[in-house]
Amino acid sequence: DNSYHRFEVVAPGPERCRCEVHWRLGLSVRTVDQQEIWDRAQVTVLEGIPCLRLAPEDALLYHVAHQADHFFGPSLKWTIDLRLMFRQWALDEESLLDQASGWRVRTALSLAILCLEKLFPGEAPAGLKDYLGLGRLRRWLVRPFLDSGPLKMMNVGNGRLPRYVARGLLLDH
């Protein structure tokens, strides 16, 4: 279905494998210029196949936006990936913050860093951790959705209203 801008294959069985390919990045309500992302992408070869790899800042912010789009779901892999991105890439924090503002993902980045710190204390870049904080009102509004357990960041539930409220809190305005 092209309206979702992705293709998904799920293998049958109790230990099923799932693979998704996206050709549009992020929710349509975010201000992510798709052409700019691909213009900044770098040509690379993965297992002998030429492909494009997103620029580090684009990849990290898309990753964070994707986490937020899924309410920082129960995927430890996403947090480990974020940890590795911060470890492996020399990111320009100022341009990352500017881009996060432009994409409307500063709140998502702030929560992703909180999640990273929750699971791996001391791993988030100090400059970002200190600079990115939720405002008093947003922190108060988000608090009921934050999970106190060790592995999850948010607990939104399946109800339509809580999901709409949480989605609104995760989008910068």
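All residue numbers refer to positions in the sequence shown, counting from 1. None of these values were measured; they are calculated from a predicted model.
At least one side-chain heavy atom of Leu97 sits less than 4.5 Å from a side-chain heavy atom of Leu128. Between Gln42 and Leu52, every side-chain heavy-atom pair lies at or beyond the 4.5 Å cut-off.
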Check against side-chain contact (heavy atoms from CB on, under 4.5 Å), His66 and Trp78: CA-CA 9 Å; His66 196 197; Trp78 282 347; 4.2 Å; yes
side-chain contact (heavy atoms from CB on, under 4.5 Å) between Leu114 and Met153, intermediate numbers included: CA-CA 8 Å; Leu114 284 175; Met153 186 64 199; 3.6 Å; yes
Verdict with reasoning, Trp103 to Asp172, per side-chain contact (heavy atoms from CB on, under 4.5 Å): CA-CA 8 Å; Trp103 284 16; Asp172 300 337; over 6 Å; no
Worked check of side-chain contact (heavy atoms from CB on, under 4.5 Å) between Leu111 and Leu146: CA-CA 10 Å; Leu111 287 172; Leu146 297 180; 4.2 Å; yes
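Contact record, Met85 with Leu60: SD-CA, 3.7 Å, taken as the closest heavy-atom pair. Heavy atoms only, all atoms of each residue included: Leu91 and Pro56 are closest at CD2-CB, 3.7 Å. Residues Arg163 and Gly157 come closest through the heavy atom pair NH1-O, 3.0 Å. Listed here is the closest heavy atom pair of His63 and Leu82: NE2-N, 3.8 Å. In terms of heavy atoms, Arg53 sits closest to Thr44 at CB-CG2, 3.8 Å. Taking all atoms of both residues into account, the shortest heavy-atom contact from Glu93 to Pro125 is OE2-CB, 3.5 Å.
Judged purely by atom type and a 3.5 angstrom limit, Asn155 has no side-chain atom pairing as donor or acceptor with the backbone of Asp147. Lys118 contributes no side-chain N or O that, together with a main-chain N or O of Ile113, makes up a donor-acceptor pair within less than 3.5 Å. In this structure a side-chain-to-backbone donor-acceptor pair under 3.5 Å is present from Glu117 to Ala124. When atom types are taken as modelled, the side chain of Arg139 and the backbone of Leu134 share a donor-acceptor pair closer than 3.5 angstrom.
The distance from atom CG of Leu161 to atom OH of Tyr164, rounded to the nearest 0.5 Å, is 9.5 Å. Distance check, rounded to the nearest 0.5 Å: CG of Leu169 to OG1 of Thr107 gives 8.5 Å. From Asp69, atom CG reaches atom CG of Leu170 across 8.5 Å, with rounding to the nearest 0.5 Å. In this structure, the separation between CG on Leu54 and OH on Tyr62 is 9.0 Å, given to the nearest 0.5 Å. One distance of note links CZ of Arg167 with CZ of Phe71; it measures 4.0 Å at 0.5 Å rounding. To the nearest 0.5 Å, the span separating CG on Leu109 from CG on Leu61 amounts to 6.5 Å.
Residues passing the side chain to side chain donor-acceptor pair (under 3.5 Å) test with Glu94, sequence neighbours excluded: none. Residues passing the side-chain contact (heavy atoms from CB on, under 4.5 Å) test with Phe120 are Thr79, Ile80, Arg83, Leu116, Glu123, sequence neighbours excluded. The side chain to side chain donor-acceptor pair (under 3.5 Å) check on Glu36 picks up Arg40, with sequence neighbours excluded.
When hydrophobic clusters are built by joining Ile, Leu, Val, Met, Phe, Trp and Tyr residues whose side-chain heavy atoms come closer than 4.5 Å, directly or via intermediates, Val43 is grouped together with Trp89. Hydrophobic clustering (side-chain heavy atoms under 4.5 Å, transitive across Ile, Leu, Val, Met, Phe, Trp, Tyr) keeps Ile37 apart from Leu46. The hydrophobic clustering, which links ILVMFWY residues whose side-chain heavy atoms are closer than 4.5 Å, places Ile49 and Val45 apart.
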